[in-house]
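What follows is a set of notes on a single structure, which appears directly below.
Since the model is a prediction, treat every value here as computed from it, not as a measurement.
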Amino acid sequence: MASNFSLRTLMIFALAFSLALQGTLGGIECENLSHDTCSFAVSSAGKRCVLEKRIKRTGEEAYTCRTSEIEADKLKDHIETDQCIKACGLDRKSLGISSDSLLEARFTQKLCSPHCYQCCPNVVDLYFNLAAGEGVFLPKLCEVQGVNARRGMAELKSSGIVAPGPVHSVQFTAAPPSNPVELTIEPTVAPSYPPY
């Protein structure tokens, strides 16, 4: 009975120790990353890291890495490789997270290339979600990219939603108002203050 109690205590202690050790050693915290590794990294909590720039009072630029609220799909503790950065046409000093780069034909061409699209799941996941936020399906954009790049970009710019034109032409005419209002001009008078 005593050995069963000590074995159970030892197992609980070992589990607690392993969890504490993993918390202190194992995870990537965006706030601890340098500006050279921040962009396109994913924290141990599965949140994407973003690089931000601020100007100090001295006029000097300062970069900080922080954790965003954007979650990566099934990915944790990841710093993007230099090979993927190059293959996907990315820049390590990219500030924030934005879908704007999807509007650039050269970037989309690199993102959709086999070297990026098939080998860099972190980057593809990020831009898949950014494109989806704009109402565009990234695989379809990559397919259109090869055939008709301008059409794919136009769909992205309009978020895939285009308002229909008018069915019939409309003719506008001017009509005088039904109840005209007469305005009169009165002389300006200075405000009077009560005597003290």
Open item on the list: With a 4.5 Å cut-off on side-chain heavy atoms, are I85 and R92 touching?
Closed with: yes
Open item on the list: To check you understand the geometry: which heavy-atom pair defines the closest contact between C88 and F107, and what is its length?
Closed with: O-CE1, 3.4 Å
Just distance, no hydrogens or angles: give the donor-acceptor pairs under 3.5 Å from side chains in residues 121-130, sequence neighbours left out.
from	atom 1	to	atom 2	distance (Å)
N122	OD1	R48	NH1	2.7
N122	OD1	R48	NH2	3.2
N122	ND2	F40	O	2.8
N122	ND2	E80	OE1	2.8
D125	OD1	N129	ND2	3.4
D125	OD2	R48	NH2	2.8
D125	OD2	D73	N	3.2
N129	ND2	D125	O	3.2

Task: side chain to side chain donor-acceptor pair (under 3.5 Å) involving K76 - partner list, sequence neighbours excluded - done: none
TODO: Identify the two heavy atoms, one from D77 and one from I28, that lie closest to each other, and give their separation to 0.1 Å.
DONE: OD1-N, 2.8 Å
TODO: Work out which heavy atom in C84 is nearest to a heavy atom in C119; give both atom names and the distance.
DONE: SG-O, 3.8 Å
Task: Smallest separation among heavy atoms of K86 and K110, with atom names - done: O-NZ, 3.8 Å
Task: Side chain to side chain, S39 and D91, heavy atoms closer than 4.5 Å - done: no
Open item on the list: With heavy-atom distances below 4.5 Å as the criterion, would you say the side chains of S68 and I97 are in contact?
Closed with: yes
Task: Minimum side-chain heavy-atom gap S99-E134 below 4.5 Å - done: yes
Open item on the list: Can you tell me if the gamma sulfurs of C38 and C30 sit closer than 2.5 Å?
Closed with: no
Open item on the list: With a 4.5 Å cut-off on side-chain heavy atoms, are L51 and L33 touching?
Closed with: no
Task: Closest non-hydrogen atom pair between I79 and T37, with its separation - done: CG2-O, 3.9 Å
TODO: Taking only Lys NZ, Arg NE, NH1 and NH2, and the carboxylate oxygens of Asp or Glu, determine whether E31 and R66 approach each other closer than 4.0 Å.
DONE: no
Task: Members sharing I55's hydrophobic cluster (side chains within less than 4.5 Å) - done: none
TODO: Decide whether V50 and Y63 are clustered together by the hydrophobic rule: side chain heavy atoms of Ile, Leu, Val, Met, Phe, Trp, Tyr closer than 4.5 Å, transitively.
DONE: no
Open item on the list: Give me the atom names and distance for the closest heavy-atom approach of G27 to S44.
Closed with: CA-CB, 3.4 Å
Task: Cluster overlap Y117 with F137, hydrophobic side-chain contacts below 4.5 Å - done: yes
- [ ] For the residue pair D100 and S98, confirm or rule out a side-chain donor-acceptor distance under 3.5 Å.
- [x] yes
